2 protein chains.
Amino acid sequence: MSTTGRGLHGRVLDTLGPEITAGTYPPGSVLRTDELAQRFDVSRSVMREAVRVLESMHLVESRRRVGVTVLPACEWNVYDPQVIRWRLAGADRPRQLRSLTVLRSAVEPVAARLAAENATAEQCAELTEAALGMVAHSRGHKLEGYLFHDVAFHRVILTASGNEMFARLGDVVAEVLAGRTHHDVMFPDPDPAAVTLHVQVAEAVRARDAERAERLTREITEGALQELDILAP
Amino acid sequence: MSTTGRGLHGRVLDTLGPEITAGTYPPGSVLRTDELAQRFDVSRSVMREAVRVLESMHLVESRRRVGVTVLPACEWNVYDPQVIRWRLAGADRPRQLRSLTVLRSAVEPVAARLAAENATAEQCAELTEAALGMVAHSRGHKLEGYLFHDVAFHRVILTASGNEMFARLGDVVAEVLAGRTHHDVMFPDPDPAAVTLHVQVAEAVRARDAERAERLTREITEGALQELDILAP
DNA sequence: TGTGACAAATAAGTCTGACTTTTTGATTCC
DNA sequence: GGAATCAAAAAGTCAGACTTATTTGTCACA
């Protein structure tokens, strides 16, 4: 599940990216390419490539005669999957998880509405299969299997919406769900009400009932928000 | 309004980025770093930096002995502001504008609800000022002034929500609104109903009426969607 | 004393060329 | 025909020299 790994510059990013997103260097801090190259024991060319990537994520800004300046968090490309992973691995994980869950609560109901209008027969089948999979793994400490089908379910909804901006949030939702299962406190078995809601959403989409699909999905995401409130008020 | 401009590699990206996002090279196409370096008359180091940036946007994938492979659109980081600008400048602009407007319709109502709960006094003032500015420029072909305050209004809503994921969509909304004003057909004066709605949202936020702020904002975004349907059905 | 021009220092930016590593696909041998 | 081997291709890496822009500081001049 390592993020980059591709090449030496990826190795550098794997430690420098998390450091920056964790706030190790306060905004305005200046790093020097040469020093970084020394620290990571790579050539300047490799270090420059890494800096270019960080720059494209708006984590840093490189200026002549000044150096590589760390930008304030409000500038970061927080939708970059890499940045999301780095931040989820860091200390302000709970805050991040909350932001993303709020985003989910805005997007997924609308996506479900669109999915009900646009889903193909195949996507309806995948949805039903995922919902049934969730049911099958909802009891007896089978959290891994449950997570698998949960992720699949929400991915199908987002993809079937037909909106590419929604579809690309599939990875984000997957990270959030995985994070909830693995790192945070979670009950040994998922909430039965949530499981039922997923099944009902699948039914609504299959029945082309957009209104109902949206309302039920809103219940799901509101449940996810309440769950966060209980764990970290 | 030029996007990158910083350094030689930025110059390369300014032409290569739009080419790729426009679909000039079909997914799976293979580019060679050396050839690209020749074409743009830059050194391999510079070309490699540009490729790294494209790679971090998931537009291409670089593999040894193969070359730089163009990835299918479903892999692209479509939330990267740079990618958004490149695509909005390209041929499938209308499609892109629709995707982003649907995203707005999902996000902004929820953001308005949160803004009503969390906005500071200063943000309330900014919101009112923006709404009044829209009113002042709503008649007499003052589209530029209207756009300015419209952008400001939606930026404040998204920022005041207190959710950083929402806040970062300010630039996206700005692009969408600017695109609508400049490139697409638009009536010489904005819809009076929309202007009124903005004023009412500002009032609702000031009055801490979250429910009403959400409902009114939903009306605004649904209006934006209908406007798109009229222009490009 | 203030100000403007000029010079020096600094760190990123660029280029070149040689070398390494990985991957692929073709060839050969069993 | 299949497996092992080898050669070519392209990205990856490195070192070093050089360029350029920007900042800072100094000095002369008003």
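Within every chain, numbering begins at 1; the chains are lettered A, B, ... in the order of the sequence lines, protein sequences first and strands thereafter. What's counted below: heavy atoms across the whole structure, side chains too, no hydrogens, waters or symmetry copies. This is a predicted model, so every value here is computed, not measured.
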Specify the separation, in whole Å, of atom [atom1] of [X] and atom [atom2] of [N].
{"X": "A:Leu8", "N": "C:dT21", "atom1": "CG", "atom2": "P", "answer": "11 Å"}
{"X": "B:Asp34", "N": "C:dC15", "atom1": "CG", "atom2": "P", "answer": "14 Å"}
{"X": "A:Arg32", "N": "C:dT10", "atom1": "CZ", "atom2": "C1'", "answer": "10 Å"}
{"X": "B:Arg44", "N": "C:dG17", "atom1": "CZ", "atom2": "P", "answer": "9 Å"}
{"X": "A:Met47", "N": "C:dA11", "atom1": "CE", "atom2": "P", "answer": "16 Å"}
{"X": "B:Arg11", "N": "D:dT20", "atom1": "CZ", "atom2": "P", "answer": "13 Å"}
{"X": "A:Glu49", "N": "C:dA12", "atom1": "CD", "atom2": "P", "answer": "16 Å"}
{"X": "B:Arg48", "N": "D:dC14", "atom1": "CZ", "atom2": "P", "answer": "10 Å"}

request  = Assign each of A:Val66 and A:Val42 to its nearest nucleotide of DNA chain D by heavy atoms, then name whichever residue's nucleotide is nearer the 5' end.
outcome  = A:Val42

Within the structure, does a side-chain N or O atom of [X] lie under 4.0 Å from either OP1 or OP2 of [N]?
{"X": "B:Thr33", "N": "D:dA11", "value": "yes"}
{"X": "B:Arg65", "N": "C:dG25", "value": "no"}
{"X": "B:Ser45", "N": "C:dG13", "value": "no"}
{"X": "B:Arg52", "N": "D:dG12", "value": "yes"}

inquiry  = Using side-chain heavy atoms (C-beta onward) and a distance below 4.5 Å, is A:Val68 in contact with A:Val30?
reply    = no

Please give me the minimum heavy-atom distance between [X] and [Y], naming the atom from each residue.
{"X": "A:Met165", "Y": "B:Val78", "result": "CE-O, 3.6 Å"}
{"X": "A:Pro81", "Y": "A:Arg168", "result": "CG-NH2, 4.4 Å"}
{"X": "B:His58", "Y": "B:Trp76", "result": "O-CD1, 3.2 Å"}

request  = Indicate, with a heavy-atom threshold strictly under 4.0 Å, whether B:Arg63 touches base, sugar-phosphate, or nothing.
outcome  = sugar-phosphate

ask   = Do A:His154 and A:His149 have ring centres separated by under 6.0 Å?
value = no

